[in-house]
Amino acid sequence: MPTPQRITILGSTGSIGKNTLDVLARHPEKFSVFALTASTQVDVMLRQCALFKPEVAVMVHEDAARLLAEKIKAEGLQTEVRWGAAALDVVASAPQVDAVMAAIVGAAGLSPCLAAARAGKRLLLANKEALVVGGEVFLSAVREGGAVLLPIDSEHSAIFQSLPEDPATWSRRVDRIILTASGGPFRGRDPATFKDVTPEQACAHPNWVMGRKISVDSATMMNKALEVIEARYLFGLEPDQLKVVIHPQSVIHSMVQFKDNSVVAQLGTPDMRVPIAYGLSWPERIESGAAALDFHALAAMTFEAMEGHGHPERFPGLRLAWATLKGVPGSCAVLNAANEIAVEAFLNRQIRFDQIHHVNEATLNAVTSARPQNLSDLLDIDRRSREAARFSVSMVS
């Protein structure tokens, strides 16, 4: 039998990480776990180590790593515990590793993603910020390292599955990419009441089970703005060839419209195990654990324009995607950093829900950047943008 692929999961205690482990558990003959990484969730990591027996477990924070090491020793497990950002880069690029699931939320995942790309790994990208922040720097690392980059976001996986197999033909055959959006929990809510939205309400997504930060991004539609930017870099089309349509049922995950106006779409139940299984097994397909789509029980599928319900500015943050793509180099990294600070401030009840967009826009206006050439340049843009965003938060809170 073929040797199982060895997998590193960056962010194993989050939603994507847990779903990845669920898929791996269904195919022990195909996959084994080399390394798991997390930030602070020691008890969750301990259970994962007991079940999957990775060679290495990495905790970002030293105190969490020390506690995990004590518990692993008490359980009689053989997993080696490491800590720190540098350890993330090591387990992402280790020669024993075949594939890396990049599921760390935010810009913190950029460095290990670059390390995996330079080492030529099969890189399963659930961390959209690697492309939003990294842009051409990240794509250059993929090309130079000979890595295989596979999108895991449901929308980008759907697009990848709908495109022709030969990327060289995309520019002449594809007219546009259409990303679908559920509209989040406030699709039908009067924007005048957004100032009263609580973190609990913003985190209650109608279709998907996600982490708190991503759930808030879905509610503001900033997740879709970041996905538009990611699609631009993944598929190499012009910003004006990227469109967004609201599809509340989340059955069609995205579409490709070709030059002859035919449309190819990928459909499925809203379950992240589907794109995860596809990324792990590509170009083959394996069982994911997701329920099959029952067309007989399926309610009518509906679509709405983004400016629907008579409120063109229901999701003002979405237009920032095209503004940054057409702006000076580095603007996308500024937007990502600002949004991370703004969402954190909202979750901590420092600013209102409707002020997230104002922080993002103010930061874009405050920070100028030259074309980033390397990770150091990207981290500098990220640092300056976070400082500006924190100042903006202090001004509106």
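Scope of the values below: all heavy atoms of this structure, side chains included, with no hydrogens, waters or symmetry mates.
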Response to the item:
When rounded to the nearest 0.5 Å, the distance separating CZ of Arg232 from CD1 of Ile229 is 11.0 Å
Worksheet item: Could you state the interatomic distance from CD1 (Ile159) to CH2 (Trp170), rounded to the nearest 0.5 Å?
Response: 10.0 Å
Worksheet item: Under 3.5 Å, is there a donor-acceptor pair between the Asn261 and Asp175 side chains?
Response: no
Worksheet item: With distance as the sole criterion, is a donor-acceptor pair present between the side chains of Thr269 and Asp271 under 3.5 Å?
Response: no
Item to complete: Take atom CZ of Phe391 as the centre, draw a 6.0 Å sphere, and report whether it contains more than 12 heavy atoms from other residues, nucleotides or ligands.
Response: no
Worksheet item: So, do Phe353 and Phe186 have ring centers that fall under 6.0 Å from each other?
Response: yes
Discussion item. Testing the 3.5 Å rule here: is there a donor-acceptor pair between the side chains of Ser254 and Gln266?
Written reply: no
Discussion item. What I want to check is whether the side chains of Arg390 and Gln350 have a donor and an acceptor closer together than 3.5 Å.
Written reply: no
Discussion item. For Val174 and Phe258: C-alpha separation, side-chain torsions, deciding distance, then whether side-chain contact (heavy atoms from CB on, under 4.5 Å) applies.
Written reply: CA-CA 4 Å; Val174 175; Phe258 290 88; 4.0 Å; yes
Worksheet item: Any side-chain donor paired with an acceptor under 3.5 Å for His357 and Gln355?
Response: no
Fill in: Residues Arg384 and Asp380 bridged, charged N to O under 4.0 Å
yes
Worksheet item: Hey, is NZ on Lys73 packed in by over 12 heavy atoms from elsewhere, all under 6.0 Å?
Response: no
